[in-house]
Amino acid sequence: MASGFRLTPVQGGTGLVRPQVRTRISAYAIAMDDDRLLLAPLSDASPVFTPGLWHLPGGGIDPGEQPVEALTRELLEETGLELVGARLLDARTYSAQRNGISWSLTALFYAASLKGGAPTVTEVDGSTETAAWVPLRDIRDTAVLSPPAADAAHMLDRSWKRIQGR
C-alpha cells in the first residue's frame, strides 16, 4: 500500500488495525581516541535495537531539543564524557522491530570531540550497560554492532582507506 503500513484484519471483528509504528530521530557520536571507537553495549531497556549489541553513544532527540544538545545530554548519561565539539557527518534511516513496535529511525551521525577521561555510565536503568573505548581491529565483525554502529564502522573504514590512498 502507498501509505507505508500494513492493515491486519482484527480476529472476530470487521475493522482493520494499523500496526504500531513509532518515529524517532536520534543523534549519535562517532568519537575516536587514537585507533579506538567509543561504544556502549545495549541493555534490556533499549527501545529500538537488540540488547547486547554494541552501539554508538547518543540517542533520541526530545521535543524542542536541538540535535547537538541531545548529543551532549546523551553522552553525559551514557558515558559521563563531555562533548566539546561536534560536526555533522551523515544521516541514515533504519527500520527495526522490538517488543511489538515497528520503529522508523532517522540517525544523525556526528564526529565528536570529547573532554578526556574514562567512560562511566551515569544514567540509571538506561539503554546502555557500560561504555568503553574499543579498538577498531576488534569490531571487524559487524554482527556484534547495532545497525548505526556498523554504518559508523564502515564510514571509518572508508575514511581510513582514503587517508592511506587505497
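Just so it is clear, the values below take in all heavy atoms, side chains as well, and ignore hydrogens, waters and symmetry mates. Only a predicted model underlies this, so the values are computations on that prediction, with no experimental measurement involved.
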Open item on the list: Set out, in order, the CA-CA distance, both residues' side-chain angles and the distance that settles side chain to side chain contact (heavy atoms under 4.5 Å, CB included) for H154 and T142, then state yes or no.
Closed with: CA-CA 9 Å; H154 292 302; T142 57; 4.1 Å; yes
TODO: Search all heavy atoms of L71 against all heavy atoms of Y110 and return the closest pair with its distance.
DONE: CD2-CB, 3.7 Å
- [ ] Take T128 and H55 through the test side chain to side chain contact (heavy atoms under 4.5 Å, CB included) and record every step on the way to the result.
- [x] CA-CA 8 Å; T128 56; H55 191 55; 5.7 Å; no
TODO: Please answer whether the main-chain N or O of L76 pairs with a side-chain N or O of T122 as donor and acceptor at a distance below 3.5 Å.
DONE: yes
Open item on the list: By the definition side chain to side chain contact (heavy atoms under 4.5 Å, CB included), identify the one residue from V134, L53, L37, I139 that meets it with L145.
Closed with: I139
Task: CD1-CG distance between I25 and D62, expressed to the nearest 0.5 angstrom - done: 12.0 Å
Task: Any donor-acceptor pair under 3.5 Å from D141 side chain to A143 backbone - done: yes
Task: Considering all heavy atoms, the nearest G52-P41 contact - done: O-CB, 4.4 Å
Task: W103 (side chain) donor-acceptor with P47 (main chain) under 3.5 angstrom - done: yes
- [ ] Rounded to the nearest 0.5 Å, what's the gap from CG on D33 to OG on S113? Could you check?
- [x] 11.0 Å
TODO: Calculate, to the nearest 0.5 Å, the distance between atoms OG1 and CZ belonging to T106 and R92 respectively.
DONE: 12.5 Å
TODO: Could you pull out the closest heavy-atom pair between E78 and S127, with the gap in Å?
DONE: OE2-OG, 3.7 Å
Task: From CA spacing to verdict: side chain to side chain contact (heavy atoms under 4.5 Å, CB included), L136, M32 - done: CA-CA 9 Å; L136 290 176; M32 297 290 299; 3.5 Å; yes
Open item on the list: Checking side-chain polar atoms at under 3.5 Å, does S102 have a donor or acceptor matched by the opposite partner on Q97?
Closed with: yes
Open item on the list: With rounding to the nearest 0.5 angstrom, report the CD1 to CE distance, I30 to M155.
Closed with: 4.5 Å
TODO: Report, as yes or no, whether the 6.0 Å neighbourhood of atom CZ on R87 holds more than 12 heavy atoms from other residues, nucleotides or ligands.
DONE: no
Task: CG-CG distance between D151 and D90, expressed to the nearest 0.5 angstrom - done: 8.0 Å
TODO: Taking the side chain as every heavy atom from C-beta outward, state whether L83 and V68 have any atom pair closer than 4.5 Å.
DONE: yes
TODO: Please report the closest heavy-atom contact between A27 and P67, naming both atoms and the distance.
DONE: CB-O, 3.6 Å
TODO: Look at the side chain of E74 and the backbone N and O of Y28, then say whether any donor-acceptor pair between them is shorter than 3.5 Å.
DONE: no
TODO: Drop me the distance from L81's CG to T72's OG1, to the nearest 0.5 angstrom.
DONE: 12.0 Å
Task: Check: S46 main-chain N/O paired with R98 side-chain donor or acceptor under 3.5 Å - done: yes
Task: Stepwise side chain to side chain contact (heavy atoms under 4.5 Å, CB included) test for F109 and L56 - done: CA-CA 9 Å; F109 293 89; L56 297 170; 3.6 Å; yes
